[in-house]
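Right, one structure below, let's go through it.
Lettering follows sequence order; numbering is per chain, from 1.
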There are 2 protein chains.
Amino acid sequence: MSTTSAAPTRREQILKEAARLFAERGFHGVGVDEIGAAVGISGPGLYRHFAGKDAMLAELLVGISGRLLTGGKLRATEARDGGVVADELLDSLIEGHIDFALDDRPLITLHDRELDRLRDSDRKLVRQLQRQYVELWVEVVREVYPQLTEAVARATVHAVFGLLNSTPHLSRPGPLPGRGAMAGLLHRLARGAFAAAASDGVG
Amino acid sequence: MSTTSAAPTRREQILKEAARLFAERGFHGVGVDEIGAAVGISGPGLYRHFAGKDAMLAELLVGISGRLLTGGKLRATEARDGGVVADELLDSLIEGHIDFALDDRPLITLHDRELDRLRDSDRKLVRQLQRQYVELWVEVVREVYPQLTEAVARATVHAVFGLLNSTPHLSRPGPLPGRGAMAGLLHRLARGAFAAAASDGVG
DNA sequence: AAGCAGTGTTAACGCTCATTAACGTCGTGC
DNA sequence: GCACGACGTTAATGAGCGTTAACACTGCTT
């Protein structure tokens, strides 16, 4: 009854617009009046739905990290139960992350940009979720490429995240690949990076 | 006489600390008093050296984009004059970018985070410099991998930038690779990504 | 019909913060 | 020795903005 319903509730509207605005101009760069205007109400009306501006950011960031992690975990357990090899699981993780990056650009942007604006407790929570997500990837990557040290695997995973999250930085105009082509390209790039990480010292 | 000297002048001190602080907490998240305190003077004393807070950010961002571009151009012309093949030039570009990313983390962070806070003219300038830098890379990449479309090459270059610029996101503690190992790893990852971009449709 | 929960509105408060004013101090060239 | 530029300081100003207060309106529920 309280979690998710069909029609987008006002809260969800607000969160969506806030995410967009925060991503565009940064948390401090957006006023509550703007957020209100974006959903048709004005300024302090937001306080009927959220405790404050901080609360919106917190809910956004916790939500993002949470969704990423649970999505990843889901894919992992499905793969394990289905007896799928680690290599395919890695593909699945990549695909999930790409879907997220392409479909929720503003959130991806926020994700690594505004973390420091959170209250200590929220920031700790988000960081923990992020860390678990990274560790999930690291485990799978090391299963596929056993020769990688943990440190190298972790750095590589971070780098690949940077690669996959690069779509928001693409300049608006100009001929970009369509969504499908872009997803395919990013997937290939990520796999190429992992393969290169594993091929140590090859000249 | 005016460009670079041995001892760090006060202006340079201020810029360096401002860059660090902006990167850590965002442009709006840092007060002028903090910047002043970081260099031992306080608050409005900064106005003897800069027209305002905006001016500091502008100088930082223009400086970054400019240095990246001139560095890249230099390597390119050196390579062409030396009769070096495009493949080695690409390595050189990657190496230069990695040096920058590893040695000037705060600046890299600012580079794609606070661009929107600039006055229109400054922002246009920075974007133009960035675009030229990207185009420089795209040309070289297409020389090495002629089968790539311009659109794909550009998207790939952006993605590789995201990969190379990922170092600031690495969590502080934990066993990271040292600087040399990190540089080597990033280089290999970037080359791996480019190679993967070029190997279309390969299963 | 009364009452109340939900959802808005506008006006006011108070704090932060960039910027400016007004005022010192030190070192250097005449 | 003294003017003056370079460099700082603290106090004041003024705008922006998050938040709260006080006050409607709407639509159920009894």
Exercise. Within this structure, what is the CZ-to-P distance between Arg11(A) and dT7(C), rounded to whole angstrom?
Worked result: 11 Å
For this session: For Met56(A) and dG18(D), give me the distance from atom CE to atom C1', rounded to whole Å.
Result: 10 Å
Problem set entry | Lys53(B) NZ - dC17(C) C1' separation (whole Å) | 8 Å
Problem set entry | Mutual orientation of the aromatic rings belonging to Tyr133(A) and Phe161(A) [parallel < 30°, tilted 30-60°, perpendicular > 60°] | parallel
Exercise. Looking at His49(A), does any N or O in its side chain come under 4.0 Å of the phosphate oxygens OP1/OP2 on dG8(C)?
Worked result: yes
For this session: Rounded off to whole Å, could you give me the CZ-to-P distance for the Arg117(B) and dG16(D) pair?
Result: 18 Å
Exercise. Near DNA chain C, which residues from residues 38-48 of chain A have a heavy atom under 4.0 Å away?
Worked result: Ile41(A), Ser42(A), Pro44(A), Gly45(A), Arg48(A)
Problem set entry | Whole-Å gap separating P (dC17(C)) and CZ (Phe27(B)) | 13 Å
For this session: Indicate yes or no: does Arg75(A) engage Glu78(A) in a salt bridge with an N to O separation below 4.0 Å.
Result: no
Exercise. Would Arg67(B) count as a cation-pi partner of Phe100(B), with NZ or CZ less than 6.0 Å from the six-membered ring centre and within 45° of the ring normal?
Worked result: no
Exercise. In whole angstroms, how far is the P atom of dA11(C) from the CG atom of Asp33(A)?
Worked result: 13 Å
Problem set entry | His97(B) side chain to Asn165(B) side chain, donor-acceptor N/O pair below 3.5 angstrom | yes
Exercise. If we ignore angles and hydrogens, is there a donor and acceptor under 3.5 Å between the side chains of His28(A) and Glu114(A)?
Worked result: no
For this session: Assess the side chains of Arg119(A) and Ser121(A): does a donor N or O sit below 3.5 Å from an acceptor N or O?
Result: yes
Exercise. Does dA6(D) have OP1 or OP2 sitting under 4.0 Å from an N or O in the side chain of Arg10(B)?
Worked result: no
